[in-house]
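Let me begin by presenting the structure, written as structure tokens, before commenting on it.
Bear in mind the structure is a predicted one, so any value in this text is a computation, not a measurement. Because only heavy atoms are used, hydrogens play no part in the values below, and waters and symmetry mates are left out as well, while side chains stay in. Order of appearance sets the numbers: ligands from 1, and atoms from 1 within every ligand.
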Amino acid sequence: MGSIPQSSLPSDFVWGFATASYQIEGAANEDGRLPSIWDTFSKIPGKVAGGGTGEVACDSYHRTHEDIALLKTCGAKAYRFSLSWSRIIPLGGRNDPVNEIGLQHYQIFIDDLIAAGITPMVTLYHWDLPNELEKRYGGLRNKAEFVADYAHFARVVFEAFGSKVKQWITFNEPWCSSVLGYNLGAHAPGRTSDRSKNPVGDGSTEPWIVGHNILVAHGAAVKIYRDEFKARDGGEIGITLNGDWAEPWDPENPADVEACDRKIEFAISWFADPIYHGKYPDSMIRQLGSRLPTWTPEELALVHGSNDFYGMNHYCANYIRAGTGEPDPTDVAGNLELLLEDKNGHSIGPITQSPWLRPCAIGFRKLLKWLSDRYGYPKIYVTENGTSILGENDLPMDQLLEDDFRVKYFRDYIGAMADAYTLDGVNVRAYMAWSLMDNFEWAEGYETRFGVTYIDYEQNQKRVPKKSAKVIGQIFDRLIEKV
Ligand code: GBH
């Protein structure tokens, strides 16, 4: 011991936990809040496992003090949470009334966090669009209306909280909004070409339109922040993108090797290339042709260079097998297959409760390096990372609280991140674990748990920290350099 060179993290490294409004708040019909597209979508039978909705969720709207106490127990330095647009502007639009009670709720929460020594990191949009905007003009599909309404919402919250919040995230995972919402139809508003799921939607065009519109809305919010608030408030703003690592299904096959980059381009560079390089990736232009929107000079001026930091959500890795033949018009992956086992039947990682998630920590280090190379070593904030556990929901309480699988996940992943910082020169500066507590896991309902805190949905949303809640602080304590 002691003689092995150890990777580390810088002394000012910030770590904490992440959540999202619709997944934890509940109080869906209180204090003037009106429905979001997730309230509507989750009520449709068959859309959410077990028929769950966010109506009560973790009841965090009423339990901000308990949540802050949890953060303190864990030793967290920061907390990433999202705002419910439907609480702040219940109908959503730029000419609709602002709900002062909604603003006040977050005002008090932010003050309480800061008083507890916890830095707020605020996401403006984590998938819960005010439902009225979907009804009124087709929500995210309507560029002119959506961008104007989002920009207005952004200005309202910058104005209200800008003196206290120094880290802003415009959108969480636009890939998910676009693909899950408009191609697979698995998330709100559930549009898809699959007529067994929805009578409306065109999965071959809408995801690309929606993705483009989100980028423009992001750029518009960033411009407002930089022009009107940054000098006064001194904060920073960026977008959070999801993306997992890719390994070739058959490393001997050049087509599979090449498909790995293409996979990441379709998942991440779709959004990151316009922001950092001012264009869509060639691989996407080649496959999608005129279905991929083109940039007007005005839009590009908003989007190109619009990140003060790169927000990175990362969970796992996949094996990638190149497609043969022509891709289907509804293909969003880049003419390739995502697999959990390679050519020899070797699994990328252990099975979890989430069918898409198998841990592979080295992939985190590799993706941090891949992104840094492609985007010029930007400052990276990891805004989500975490895991579910196979069968966790069915375990007796005492076993459930000993979440050693999750503990190992965090040890391995945070260690891989420290290696990327120390050995690869990656400029990673913050890390938010997903999630502070078990919560509404979207289409997976409440059966899949991601929390370091157990929520007892039967016992009045009682919170009980799991082992991982205590261990994360120790992991960072060991890795962060002492001044
Ligand atoms: C995050 O997304 C979300 O930001 C967060 O709200 C959520 O609770 C957390 O993950 C845990 O899931 O099998 O084709 O449907 C993570 C990124 C990308 C993971 C899409 C699931 C499913 C692909 N997600 N993926 S598919």
Sidechain N-carboxylate O distance under 4.0 Å for K466, D438: yes
List, ordered by chain and residue number, the protein residues whose closest non-hydrogen atom lies under 4.0 Å from any atom of ligand 1. Q23, H126, W127, N172, E173, W175, C176, L180, L184, N242, N313, Y315, W356, E384, W434, E441, W442, F450
Mind jotting down which residue pairs meet the ring-ring contact (aromatic ring centres under 6.0 Å, His included) criterion with at least one end in residues 189-212? Sequence neighbours excluded, please. W208-W270, H212-Y280, H212-W295
Which atom pairs, donor and acceptor, lie under 3.5 Å between side-chain atoms of residues 359-369 and protein residues at least two apart or in another chain?
| unit_1 | atom_1 | unit_2 | atom_2 | d |
| --- | --- | --- | --- | --- |
| R365 | NE | D424 | OD2 | 2.8 |
| R365 | NH2 | D424 | OD1 | 3.0 |
| K366 | NZ | E247 | OE2 | 2.8 |
| K369 | NZ | D373 | OD1 | 3.3 |
| K369 | NZ | D373 | OD2 | 3.0 |

For A76, enumerate each residue passing the side-chain contact (heavy atoms from CB on, under 4.5 Å) test, keeping only those at least two apart in sequence or located in another chain. W15, F17, L71
Note: K462-D456 ion pair, threshold 4.0 Å (strictly below): no
Could you check whether E206 pairs with R191 (Lys NZ or Arg NE/NH1/NH2 to Asp/Glu carboxylate O, under 4.0 Å)? yes
